[in-house]
Colleague: 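Take this structure first; my questions come after.
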Amino acid sequence: MRDVAIIASAQAVNTATTTATPVEMLIPVVNQVLANAGMARSDIGFWCHGSCDYMTGQPFSFVSAVDALGAWPPIIESHVEADGAFALYEAWMKIQTGEVDTALVFGNGRSSSGDINRILTLQLDPYVVGPLWPDDRSIAAMQARACLEAGVITERAMAQIAARNHHNALTNPVALRRGEHSVEQLLAAPLVASPLRELDCPAHSDGVTAVIIAAGDRARSLRARPAWIRGIDHRIESQNLGNRSMTTLPSAVIAAQKAGVANDKIDVAELHAPYTHQELLLTAALGLGESTSINPSGGALCANPMMSAGLARFAEAAARIMDGSADRALGHASSGPWLQQNLVCVLEGE
Amino acid sequence: MAERCAVIGVGQTQHTSCRADVSIAGLVREAVDRALASAHMTMADIDAIVIGKAPDMLEGVMMPELWLVDALAAAGKPVFRVHTAGSVGGSTAIVAAQHVTSGVHKRVLTVGFEKQSDGNAMWALSVPMPFGMPVHAGAGGYFSPIIRSYIKRSGAPAHIGCMVAVKDRTNACKNPYAHLHEPDWTLEKAMASPMLWDPVRMVETCPSSDGAMALVLASEDVADAHDGPKAWVHATAMRSEPTAFAGRNQVSPKASEDCAADLWRKAGITSPIDEIDAVEMYVPFAWFEPMWLESLGFAPKDHGWRFVEDGITEMTGRLPVNCSGGVLSSNPIGASGMLRFGEAAMQVMGIAGEHQVDSVRKAFGHAYGGGSQFFAMWVVGANKP
Amino acid sequence: MSDDVLRIRTPIGIKYQYSAGPRVSSHLIGLMEGRFVGKRCPSCHLVYMPPRNGTCAKCGCLLGEDVEVGQRGTITTFCVVNVPFLGQTIKIPYVAATILLDGADMGMQHLIQEVEATEVRMGMRVEPVWRPREEWQPSMENVLYFRPTGEPDAPYESYAGQL
Ligand SMILES: [Zn+2]
């Protein structure tokens, strides 16, 4: 395997709504990540994009994103109907084939274009589940309830997670939601989908994340301390809501094992856990302990631009390697109801 | 640096306008089971799955790969989803091949599908957007002016599109999986076909199909151990350019020319017309055959139509193009590109049945999408690269 | 097995809000005033009318200053539509054309009327027919269609680079 590292990232400030077109949102972030890397467009070997048509209600919505890339002369480019973190996985593979040495990957989503809780319902079995229109919060609440009943989590633990993430987001300039909340205040807040309260749920936002990865000496020449990808793997599990563990995440367990999470201690983990109880499930599945700082960015609870939020976790984890504040970090992206699909990446400094 | 990779399994569904007998899951499974059988494998042998399809709005299921996990017995495995518009079937096969050539996996299943009858394809392919002028002309309305430009530029006679259509429809009769089996086409009859989007006649357009295509891709050691036909991946290439900008050549987009040039270079091919024995080209409107022949470097500029007129692209010609009947005879959008890539592999593997060309050593698979802006291509061969 | 359920209908309804984007705004305001306002690319200096999604795709940059272009233009290429489409209100056959407005560097799609479809040519000069002013919206639909001006055709070389 070739050594590949994240060497730069950029994120748009997350907003609750925006009047800009998706491509107008992309251009400044693409320009920023290139500037952060000290690279020109012509230095990029491969481009890969993650987004989803149903987010904007437009078929082929990703096509206009090519307009943001200055794809002239034509470029080597691809698109995944998934979070931008999966675009990073494809780019990492492309570099492994030896075809290219550098890649710019990005994910974008405008959660405000439609009712995101209802849009996500369209991911469910179209015959027997989808027609009932359970929304995303209700599906997540079912899982949280099962976890509470099984004694896997407590409402207090959920509130503690909400408090910590919102506190962490105070220092994250791109977060949508942030603030100091006591656990008691949070537990006193009304339920929005029992047992979930508003701050147990993701801060859906409009956002863009872009990341540049590069191989070997190219990475070293572009960044003093690149965030080396030491392991990366993704796994999926059954979606069948009636025939699936509600309290464990077997796909995350396998992905963590394949990515080598347990080989050494993890200083920082950025987890794409849209709901508070899911952070607890993930921490357990990934085998993370007390010594790991979880979501110093505030995570998806404080900004969840769908299709960009997973890649944002990679960017946040890598930033802490690149600035020397961590030696070993974990980036995680998820997709589907109840964290059905999990992508895990282990990053290290040299 | 890259590992070698070979196609060792190919399977497709019956393509037709409405597969009411199966769900999306059943449709995908039909292709997958056939591909696995031809690779002498079961799902348990598969390391990773790569899925491609065109817009989710065609069926109304968002990111349907999530729901299809059980149908694919994929729990605990990596499932990866690609969407690059009409080129998606080709791009998906390339991404799947990279799962092997990167050295990450050894046995990769890839499937492209579309079940257009589950939704309203006409709506899903051109959802009206505010602010602009809806000319309601559809895909034909988009591509027909480009075809008009080609005719004007190249001086091609009016019957070339019909010649391509008659060839592909006739070839399709030799392909049991093809959507259209219409043996009675003649040039005279085709020229009488209604003009839908002048200069495009009805016979020169593709059907709307349900269908799926699956391939099993294997690493060198797995392919060597496989006791059955195989097609080695010699080279892959992809290129993209924007849909529209001032002064863009839409007849022969630079992305197409660059992609082909890159492919021939990687495959060590200096004269495509002499070295490629069978072509599976993405031709959703008949006129695109001569246009792509030129753009890809098979024919000199403005001479593509002469290749058609001289019968060079007939099954018995010097450069057989779309012996399967091509997109003109079956068009499940998300599968169409993978059908081209898979049919090219079938020619090399010698398993194309009645539409098999004799002694194919190297074959070319091609897909494109968007406003002629996304390109995916591969060369597969009987020998190791 | 005649009573097997082979298909079910599950209607899907989701409301979306689209944004024109700040750069397309002056173009839409122009249409409310019966003018064609495009934008110039600050990098390659070409004029986009309409300004698409606010970008010059070739340069990968945001468009810059407003540029009002002429009302007349040239048909670069076209197709004659004989297909009855969903929601189509025009009687077939009709002509959908790419029109290069005078002063613009990229063509746009619109309808050609007041001329037999068989008479439409590449290079034909056309002008817009606007809806009554009281029906104007921020939309290109304010122009009902384009029609021939009767001027001599533009020479092929003048628009060959657009094809
Ligand atoms: Zn420009």
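So that the names make sense, note that chain A is the first sequence line, chain B the second, and so on, each numbered from 1. The structure presented is a predicted model; accordingly, all values stated were derived computationally and were not measured.
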Colleague: Please determine, among B:Asn249, B:Val200, B:Leu196, the option with the most heavy-atom pairs under 4.5 Å with chain C.
Modeller: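 The option with the most such pairs is B:Leu196.
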Colleague: Does atom CE of B:Met191 have more than 12 heavy-atom neighbours from other groups under 6.0 Å away?
Modeller: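 Result for CE/B:Met191: enclosed.
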Colleague: Under a 4.5 Å heavy-atom cutoff, which of B:Gly60, B:Ala244, B:Gly140, B:Pro199 has the most pairs with chain C?
Modeller: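 Sorted descending by pairs with chain C, the first entry is B:Ala244.
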Colleague: Could you check whether atom CD of C:Glu135 has more than 12 heavy atoms from other residues, nucleotides or ligands sitting under 6.0 Å from it?
Modeller: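 More than 12 within 6.0 Å, yes.
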Colleague: Among C:Gln162, C:Met106, C:Arg9, who wins on heavy-atom pairs under 4.5 Å with chain B?
Modeller: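 Heavy-atom pairs under 4.5 Å are most numerous for C:Met106.
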Colleague: Measuring heavy-atom distances to chain B, does C:Pro50 have an atom under 4.5 Å in its side chain, in its backbone, in both, or in neither?
Modeller: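 Neither part, no heavy atoms under 4.5 Å.
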Colleague: First locate atom CG of B:Asp198, then atom CG of C:Asn82, and finally report the distance between them rounded to the nearest 0.5 Å.
Modeller: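 Going from the CG atom of B:Asp198 to the CG atom of C:Asn82 covers 7.5 Å.
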Colleague: Please classify the contact of C:Arg52 with chain B as side chain, backbone, both or neither, using a heavy-atom distance under 4.5 Å.
Modeller: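 It is the side chain, since no backbone atom gets that close.
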Colleague: From C:Arg7 CZ over to B:Asp21 CG, what is the distance, rounded to the nearest 0.5 angstrom?
Modeller: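 These two atoms lie 10.0 Å from each other.
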Colleague: Side chain, backbone, both or neither: which part of C:Val24 has a heavy atom under 4.5 Å from chain B?
Modeller: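 The answer is neither part of C:Val24.
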Colleague: Looking only at heavy atoms, which two atoms of C:Cys79 and B:Gly141 are closest? And how far apart?
Modeller: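 Nearest pair, atom of C:Cys79 first, then B:Gly141: SG-CA, 3.7 Å.
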Colleague: For the atom pair CZ (B:Arg248) and NZ (C:Lys58), what is the distance rounded to the nearest 0.5 Å?
Modeller: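 These two atoms lie 11.5 Å from each other.
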Colleague: Where does B:Thr243 contact chain C at under 4.5 Å (heavy atoms): side chain, backbone, both or neither?
Modeller: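 For B:Thr243, side-chain heavy atoms alone lie under 4.5 Å from chain C.
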Colleague: Would you say B:Lys152 and C:Thr77 make side-chain contact, with heavy atoms under 4.5 Å?
Modeller: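 Contact flag for B:Lys152/C:Thr77 side chains = no.
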Colleague: Please say whether more than 12 non-hydrogen atoms of neighbouring residues, nucleotides or ligands are located less than 6.0 Å from CD in C:Gln17.
Modeller: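 No, the 6.0 Å shell around CD holds no more than 12 heavy atoms from other groups.
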Colleague: Answer with side chain, backbone, both or neither: which region of C:Tyr145 has an atom nearer than 4.5 Å to a non-hydrogen atom of chain B?
Modeller: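 When you check distances to chain B, no heavy atom of C:Tyr145 falls under 4.5 Å.
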Colleague: Is chain C contacted by the side chain of B:Ser252, its backbone, both, or neither, given a heavy-atom distance below 4.5 Å?
Modeller: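 The answer is neither part of B:Ser252.
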Colleague: Let me know if C:Thr118 has heavy atoms under 4.5 Å from chain B in its side chain, its backbone, both or neither.
Modeller: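 Interface part for C:Thr118: neither.
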Colleague: What part of C:Leu6 is in contact with chain B, defined as an atom under 4.5 angstrom from a non-hydrogen atom: side chain, backbone, both or neither?
Modeller: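 Both backbone and side chain.
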Colleague: What part of C:Met108 gets closer than 4.5 Å to chain B, counting heavy atoms only: side chain, backbone, both or neither?
Modeller: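 Neither part, no heavy atoms under 4.5 Å.
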Colleague: Rounded to the nearest 0.5 Å, how far apart are CZ of B:Phe245 and SG of C:Cys41?
Modeller: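 It comes to 12.0 Å.
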